[in-house]
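First the structure, in the form of structure tokens, and then the observations on it.
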There are 2 protein chains.
Amino acid sequence: MTTIIDVARLAGVSKTTVSRVINNYPHISPDKKNQVLQAMEQLGFTPNPSARRLRGQLATTIAVVVPKIVNPFFSYLVDAIEQVGYRSGYQTLICQTNEDKEKELSYLNLLRTKQADGIIMTSIENDWAQIEPYTEFGPIVLCNEYINKPDVPMIRVDQYQGTYIGVKHLIERGHRKIAYCTGGLFTEFGKDKDRNRGYQKALEEAGIPVNPAWILVDKHTIGDGKQVMQLLMEMKDRPTAVFAGSDEIAGGLMMAAKRAGLRIPDDLAIIGFDDQPIAEVLDPGLTTIRQPIARMGKKAGEILLAMLNEPSQGPAVYELPVELIIREST
Amino acid sequence: MTTIIDVARLAGVSKTTVSRVINNYPHISPDKKNQVLQAMEQLGFTPNPSARRLRGQLATTIAVVVPKIVNPFFSYLVDAIEQVGYRSGYQTLICQTNEDKEKELSYLNLLRTKQADGIIMTSIENDWAQIEPYTEFGPIVLCNEYINKPDVPMIRVDQYQGTYIGVKHLIERGHRKIAYCTGGLFTEFGKDKDRNRGYQKALEEAGIPVNPAWILVDKHTIGDGKQVMQLLMEMKDRPTAVFAGSDEIAGGLMMAAKRAGLRIPDDLAIIGFDDQPIAEVLDPGLTTIRQPIARMGKKAGEILLAMLNEPSQGPAVYELPVELIIREST
DNA sequence: CAATGAATTGAAACCAGTTTCAATCATTTT
DNA sequence: AAAATGATTGAAACTGGTTTCAATTCATTG
């Protein structure tokens, strides 16, 4: 390992001067600056980040908390964040919680130990009260998941609007028996609550009563979608349309429905959420609510970097628009 | 920030002793050990990893190099690696190259600067000659991608066998005009070369000449699959089957084929590679070559951890089996 | 020409840990 | 009882950088 001292020796200056060159401080004579630069070049010197970090100087790592990286929604989000970070010289640390509260907290500790300079949370397992104390150690930005606190920086889409226009679209297609299955359990606030509100509101406006049997929560994967279809088939009073909380669930639903001999959209209309690549290759093409995933990730990254560079930055809430993409499944 | 000195003060010992407790050194009286543990507990103390790392003690980060995290194959691989790492207290750093040589090298520098203790590469952009020097700074394990060097630890599947059994399956179904499209350009060695060999060998055994017009390289995404279908449709002499290098490409192919009015598998048989979730929801279900992705990632993680803990560990090459999954697209 | 102030530089302290080395104390061995 | 051995402990040095502080040099001003 070549160190700053090797460089100093070769350049014939003190290590202080070398440090000044590294950090682009003013008031160094062009002469010495060149000697140092040459010496660094010659030795292939890279400052040791641990040492810089220890003295509180370096910031190079952002952590992204996701529930499951194999969920394409989150991998696209991470993709966007990583790209913003990389351009500014930041490394991206993947933190996969698997929806485990303890694992989430262990990742928040990265802030305290300065292993991460800031964190973007795309999901929240613990109560905000548990998480809030960690903001003392570095900025935390929410992206996708959100809570009811105006002083927390957030990038969100209007989930209420998303389900509302989706369900309304189904109603306009003539459906009155609309099932609803989505990821999160009903929480007091946040994403899942808002989605639920959008669903209820659309039904209410059309004078349709809510049937609790048609509301299925804690569904995430293609496998879950297949299971839900199984459930629906066994019902005496079967819905004619399903609003799915993700394109994966919708894919599983569609697959199982076709296996059961249902025609889509005639016997069963299906609408998804996210507009992931899979939505397009399903047959029939999946009508879905498009989330601007790349823009969300980009914005979240930019906000976090801004907070790191300018700690006085006030928290801001950004809301990005959703869009109904109509294909052939409705 | 509470430091080791705060703990030492509270426990009434020197920081040396605290350090010894942290690192589980022998020869500490149970008395003092308890005092220290209590003090650490009481202050909620976590050692600063930068400081430990600086002294060359701590190893906690492994980096995973992937071309694109949004490619499900790689996100599943990262998922498996992350889980192995987490269990042993390692953080996982995502390194997305976007197939950029420079970006890849910049990530290898993580080793040199001790920001990562070891690296798992799932793709290789640069020549191994460029990469090899970095092994001086820490272990590098190849997973998925491979090269022709026995002294580099690798986890691979038999790509030759994969394409061979896939193409052979098509031949057994009566096809003699078999197109082939895959990701990588043809390299001297490695994955793509072997796949190509498997394709050629299967054709050769059946006495079928290779038609270069039906070999398409540098294809990765659903979009690429759609484009390839376009190309195939325009051909005078059209293949009756396509071997696709990934399930995504296959999905794009299938979608475009159905749009063009082709029946699958009657007018066109399609076989994919990987056996990702998408393979199952496609209609008809996609016949594909299953790679044991989770096992590959797990093994790669284990090998890397073993090398970190026992640097004398000799390099090893592990080969995992592929499997033909027959669904309805062939 | 003396006084002032800014530019340039390096010695030493500092960050938060680990490791070396030597001192102390208790046990065994001779 | 003296000597040898081993366990326990802390002071100080060390990791590789950054930052503070003071000294020196140089140009500018009154």
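Just so we're clear, the structure is a prediction, and the values are computed from it rather than from any experiment.
In this structure, B:K33 and B:N24 have side chains that are in contact, with non-hydrogen atoms separated by less than 4.5 Å. Put simply, the side chain of B:Q96 does not reach to within 4.5 Å of the side chain of A:V78, judged on heavy atoms. Side-chain contact between B:H220 and B:N71: absent, with no pair of heavy atoms (C-beta onward) separated by less than 4.5 Å. Annotation: side chain of B:V66 is not in contact with side chain of B:T97 (no heavy-atom distance under 4.5 Å).
Considering only side-chain atoms of A:P47, the nucleotide from D:dG17, C:dG10, D:dT15 that sits closest is D:dG17. You'll find that the side chain of A:N48 is closest to D:dG16, out of D:dT18, C:dC21, D:dG16.
In this structure, A:I5 atom CD1 and C:dA11 atom C1' are separated by 13 Å, rounded to whole Å. Between the P atom of C:dA7 and the CZ atom of A:R20 lies a distance of 13 Å, rounded to the nearest Å. One interatomic measurement links the two molecules: CG of A:N24 to C1' of D:dT18, which rounds to 15 Å at whole-angstrom precision. Residue A:I4 contributes atom CD1, which lies 12 Å from atom C1' of D:dT19 at whole-angstrom precision. Distance, B:R55 CZ to C:dT20 C1': 9 Å, rounded to whole Å. Rounded to whole angstrom, the span from the CG atom of B:N23 across to the P atom of C:dA16 amounts to 17 Å.
At a threshold of 4.0 angstrom between heavy atoms, the contacts of B:T3 are confined to the sugar-phosphate backbone, with no base atom among them.
Applying a 4.0 Å cut-off to non-hydrogen atoms, the residues of residues 26-45 of chain B that approach DNA chain D are B:H27, B:I28, B:S29, B:K32, listed by residue number. DNA chain C is contacted by A:V13, A:S14, A:T16, A:T17 of residues 6-17 of chain A, taking any non-hydrogen atom closer than 4.0 Å.
By the neighbour-count criterion of 12 heavy atoms within 6.0 Å, atom NZ of A:K298 is sparsely surrounded, having that number or fewer from other residues, nucleotides or ligands. Heavy-atom contacts from other residues, nucleotides or ligands closer than 6.0 Å to CD of A:Q38 number 12 or fewer.
For A:Y25 and C:dT8, the shortest distance from a side-chain N or O to OP1 or OP2 is not below 4.0 Å.
A:S50 and B:R52 form no side-chain donor-acceptor contact under 3.5 Å, judged by distance and modelled atom types alone. Side-chain contact, B:S106 with A:Y86: a donor N or O sits under 3.5 Å from an acceptor N or O.
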Give the table of side-chain donor-acceptor pairs shorter than 3.5 Å for residues 124-137 of chain B, with sequence neighbours excluded, one pair per line with atom names and distance.
from, atom 1, to, atom 2, distance (Å)
B:N126, ND2, B:K101, O, 3.0
B:N126, ND2, B:E104, OE2, 2.9
B:T135, OG1, B:E132, O, 2.6

